[in-house]
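First the structure, in the form of structure tokens, and then the observations on it.
In what follows, every heavy atom counts, from backbone to side chain, and hydrogens, waters and symmetry copies are set aside.
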Amino acid sequence: MIMLHKKNLKYGFAGLLVLLLAGCGEETPEMLPATTDVTFRLELPASLEVDTRAANTLGDITVEDVWVVQYNASTNGFIKSMKFEGNAGTPGLNGNILTFSTSSADFSQLTSRFYVIVNAGTNFLDGFSGNEGALKAKTVAVSSGSITGELKLLTSGPITYTPVAGGKVMVVAPLSRAYAKVSVTWNDADTKGAFTISKMTVKNYPKYMALYTRGGGALGTSYPVTGDINAAASATIGNMNSGTPYTFYIPENLRGMGTATSFADKGLDMYGPGSTTGSKLGGCTYILLEGTYKYGNGATSEAIDVAYRIYLGGNLRTDYNIQRNYYYKVTLNLSGANSSDVRVQITDGKVVVFDEVEKVEHTVDFKD
């Protein structure tokens, strides 16, 4: 169990579980309803790498700080936020359960909505007293060199609480990743030549992680805006060995649906999901694998340059959306200088156990 220590803020509480309380009434600037002690139980998300029921293992993400925010369900008004800090580097109970109790009466006893935010930073909500829309729109920055390590931002909510009479209450908050995981494996399936993949570059990844889906924006809207996507910068992973997965983490990037009818067309600007002004592929995340290929046994033949660009998303034709809490497992089987078999396996982290994962496969020709 991680020992968390409460820190009272000027404006209250922000970031982890739901509440409980007895009594009714609405808060006013002059007087709030009675408060009570609450025990929180945070459930860290399960592993995304699940192949069978027997292989299911729970995640082990270190909890360093927790914010909990309370809103009045009737008026939508901000009530308070609180910060709890843990011992960095200490795993939770069984690697996935974190339980702590407020040390004094802190939560208002009225019908409420709670938001829980984990690992956003110890000063993340200092001075914050905005409405729920403002909270959902807040982001955590991602540095360009950090996407090869797990990003660790977890959230839960809104969690609705209706007061009940009597005693202390246990509140359970299942946490979800605010980012996606992507792993890429290339396999040399060519029997007549020899491949070398020298590097993989990740292009067009968001600069920020939103606390909640689309930053609280409406369904069907693109998120984030293209100005919040690293278009010029890139993250590069070098020295990629055949058969070895290489992993990175990326904030959600919801660009929408395109109109391509084949995998090869997905990389053409005219079929992208964007508007007709500017690039229709603007802001869409893709990976670029670059290397060389030698015909024959490679002893005397001259190497030619090869490059494979793969736009990520829910399928290999029209979907350019990278969703939070998903695992995208890309496999590229190279069978010739201009052809390959691309496979994508997608795991939804919202489900604890996966009997099956969605697989999308395409054999494609990469033409110069």
Side-chain angles (χ1 to χ4, degrees), residues 1-18 40 42-45 59-71 78-92 96 98-100 102 106 114-159 173-181 205-216 223-224 228-230 233 235 248-253 324-325 349:
M1 178 181 296
I2 297 178
M3 299 303 295
L4 290 174
H5 308 285
K6 181 190 69 178
K7 280 195 175 182
N8 287 315
L9 303 179
K10 178 180 180 181
Y11 294 96
F13 176 51
L16 202 153
L17 254 72
V18 188
F40 295 95
L42 305 185
E43 296 186 351
L44 300 182
D60 186 12
I61 300 174
T62 300
V63 173
E64 298 178 359
D65 54 81
V66 175
W67 289 89
V68 181
V69 186
Q70 181 184 18
Y71 288 92
F78 174 87
I79 298 177
K80 64 172 63 176
S81 67
M82 295 186 72
K83 173 173 59 178
F84 299 84
E85 295 180 286
N87 299 321
T90 305
N96 78 302
L98 172 63
T99 304
F100 69 93
T102 59
D106 290 309
F114 286 82
Y115 294 83
V116 176
I117 304 161
V118 175
N119 294 336
T122 57
N123 299 318
F124 182 65
L125 290 177
D126 283 353
F128 177 81
S129 61
N131 59 26
E132 290 174 79
L135 178 67
K136 291 178 181 178
K138 288 187 69 64
T139 59
V140 175
V142 177
S143 64
S144 60
S146 68
I147 66 172
T148 55
E150 186 150 8
L151 300 175
K152 298 185 179 181
L153 178 65
L154 309 173
T155 62
S156 184
I159 304 169
L175 296 167
S176 175
R177 296 170 181 83
Y179 51 90
K181 177 180 180 179
Y205 55 88
K207 301 175 183 177
Y208 308 98
M209 289 179 286
L211 296 187
Y212 297 93
T213 302
R214 285 188 173 83
Y223 185 89
D228 285 341
I229 293 177
N230 278 309
F248 62 92
Y249 299 85
I250 186 170
E252 70 177 1
N253 190 10
R324 63 176 56 217
N325 211 40

Go through the structure and list residues passing side-chain contact (heavy atoms from CB on, under 4.5 Å) with [X], not counting sequence neighbours.
| X | result |
| --- | --- |
| Ala178 | Leu153, Arg324 |
| Ala137 | none |
| Pro224 | Pro206, Asp228, Ile229, Asn253, Arg255 |

Q) Do Asn131 and Phe78 touch side chain to side chain, with heavy atoms closer than 4.5 Å? A) no
Q: Using a 4.5 Å cut-off on heavy atoms from C-beta on, say whether the side chain of Thr122 contacts that of Lys83.
A: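 In short, these two side chains touch, coming nearer than 4.5 Å.
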Q. By ring-ring contact (aromatic ring centres under 6.0 Å, His included), which residues pair with Phe248, not counting sequence neighbours?
A. none
Mind checking the [atom1]-[atom2] spacing from [X] to [Y]? Nearest 0.5 Å is all I need.
| X | Y | atom1 | atom2 | answer |
| --- | --- | --- | --- | --- |
| Leu135 | Leu125 | CG | CG | 6.5 Å |
| Tyr212 | Ser156 | OH | OG | 6.5 Å |
| Asn230 | Ile147 | CG | CD1 | 9.0 Å |

Q | Shortest non-hydrogen separation from Ala120 to Asp65 and the atoms involved | A | N-OD1, 3.2 Å
Q: Might you point out which heavy atoms bring Tyr223 and Ala210 nearest each other, and give the distance in Å?
A: OH-CB, 3.3 Å
Q) Looking just at side-chain N and O atoms, do Tyr179 and Glu150 make a donor-acceptor pair shorter than 3.5 Å? A)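 The answer is yes; a qualifying pair exists.
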Q. Does any pair with a residue in residues 206-216 pass salt bridge (Lys or Arg N to Asp or Glu O under 4.0 Å), and if so which ones, sequence neighbours excluded?
A. none
